[in-house]
Amino acid sequence: MIRHIFIGTFKEGIPAEIREKELADMKAMKEKIPGIAAQEVGFSTGWAGPVDQIVMTVDFASKEDFDLYMRHPYHRDYIAKTGEMYFDTSTFVSAQFIF
């Protein structure tokens, strides 16, 4: 299995309703993009780090499924439409590991 981890920091002043919409849109990836075996999305608690972040883990059975996810139109359009508007893209963290 492959686990993809993403952490994004919201820009200052982004209202709660926009944050909730972003959370829902990210959760929708599991239904809209084939090959996702498991997915968890939530807001950072701030217990060890910033509170203004959204965190997502996505699991895939194969590298091919991960590659499909990365180039899928829903994923690419989501990043293009919301990345610059709501997030500080310079803070994006993305990593993958095999487990």
Side-chain angles (χ1 to χ4, degrees):
M1 293 290 288
I2 297 165
R3 178 159 291 161
H4 169 64
I5 301 166
F6 169 78
I7 301 172
T9 303
F10 287 102
K11 290 180 178 178
E12 192 173 319
I14 299 298
E17 60 269 10
I18 297 292
R19 292 174 186 240
E20 291 293 336
K21 182 182 181 323
E22 293 305 301
L23 181 73
D25 289 348
M26 290 176 84
K27 286 181 176 182
M29 288 183 187
K30 184 163 185 347
E31 303 305 319
K32 296 186 180 288
I33 303 174
I36 295 176
Q39 177 190 36
E40 297 295 333
V41 186
F43 297 118
S44 173
T45 62
W47 297 336
V51 72
D52 58 348
Q53 293 179 320
I54 196 162
V55 180
M56 178 170 69
T57 62
V58 188
D59 295 343
F60 304 95
S62 68
K63 173 72 164 64
E64 292 76 20
D65 289 339
F66 170 75
D67 291 340
L68 172 66
Y69 167 82
M70 291 301 288
R71 67 176 181 265
H72 192 278
Y74 185 86
H75 183 248
R76 295 176 67 114
D77 290 347
Y78 175 79
I79 293 169
K81 289 177 185 173
T82 65
E84 300 267 334
M85 288 174 38
Y86 304 127
F87 293 96
D88 177 356
T89 58
S90 71
T91 67
F92 280 3
V93 174
S94 178
Q96 302 76 42
F97 64 93
I98 297 171
F99 66 102

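What you see is a predicted model, and the numbers here were worked out from it, not measured in a lab.
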Residue pairs meeting ring-ring contact (aromatic ring centres under 6.0 Å, His included), one or both in residues 23-51, sequence neighbours left out, come to none
Residue pairs involving residues 64-91 (criterion salt bridge (Lys or Arg N to Asp or Glu O under 4.0 Å); sequence neighbours excluded)
Lys63-Asp67
Give a yes or no on whether Met56 and Met85 share a hydrophobic cluster (residues Ile, Leu, Val, Met, Phe, Trp, Tyr; joining criterion: side-chain heavy atoms under 4.5 Å apart).
yes
For Tyr86, give me all partners under side chain to side chain donor-acceptor pair (under 3.5 Å), at least two apart in sequence or on another chain.
none
Show the nearest heavy-atom pair for residues Ser44 and Pro50, with the distance to one decimal.
OG-O, 2.8 Å
Indicate, with yes or no, if Ile2 and Val55 share a hydrophobic cluster defined by side-chain heavy-atom contacts under 4.5 Å among Ile, Leu, Val, Met, Phe, Trp and Tyr.
no
Around atom CD of Glu12, are there more than 12 heavy atoms of other residues, nucleotides or ligands at under 6.0 Å?
no
Residues which pass salt bridge (Lys or Arg N to Asp or Glu O under 4.0 Å) with Arg3, listed by chain and number, not counting sequence neighbours:
Asp59
Among residues at least two apart in sequence or on other chains, which ones pass side chain to side chain donor-acceptor pair (under 3.5 Å) with Thr89?
none
Within a strict 4.5 Å, meaning less than it, do heavy atoms of the Leu23 and Val41 side chains meet?
yes
Please report the shortest heavy-atom distance between Ala38 and Lys30, naming the atom on each side.
CA-CE, 4.2 Å
Value rounded to 0.5 Å, distance of CE in Met70 from CG in Leu68:
11.5 Å
Measuring only between side-chain heavy atoms, which start at C-beta, is Glu22 closer than 4.5 Å to Tyr78?
yes
Not counting sequence neighbours, which residues clear side chain to side chain contact (heavy atoms under 4.5 Å, CB included) with Glu40? List them please.
Thr57
Just jot down the ring pair (Phe, Tyr, Trp, His ring centres under 6.0 Å) partners of Phe66, sequence neighbours excluded, or say none.
His4, Phe60
Closest heavy-atom contact between Phe87 and Ile54?
CE2-CG2, 3.7 Å
Just to verify, what does Thr9 make a side chain to side chain donor-acceptor pair (under 3.5 Å) with, not counting sequence neighbours?
Gln53, Thr91
Kindly write out the residues that satisfy ring pair (Phe, Tyr, Trp, His ring centres under 6.0 Å) with Phe6, not counting sequence neighbours, or none if the list is empty.
Phe92
Do you know the tightest heavy-atom contact between Gln39 and Val58?
CG-CG2, 4.2 Å
What residues, two or more places apart in sequence or in another chain, satisfy side chain to side chain contact (heavy atoms under 4.5 Å, CB included) together with Lys11?
Ile14
Tell me, please, which residues at least two apart from Lys27 pass salt bridge (Lys or Arg N to Asp or Glu O under 4.0 Å).
none
With sequence neighbours left out, the residues meeting side chain to side chain contact (heavy atoms under 4.5 Å, CB included) with Lys21 are Asp25
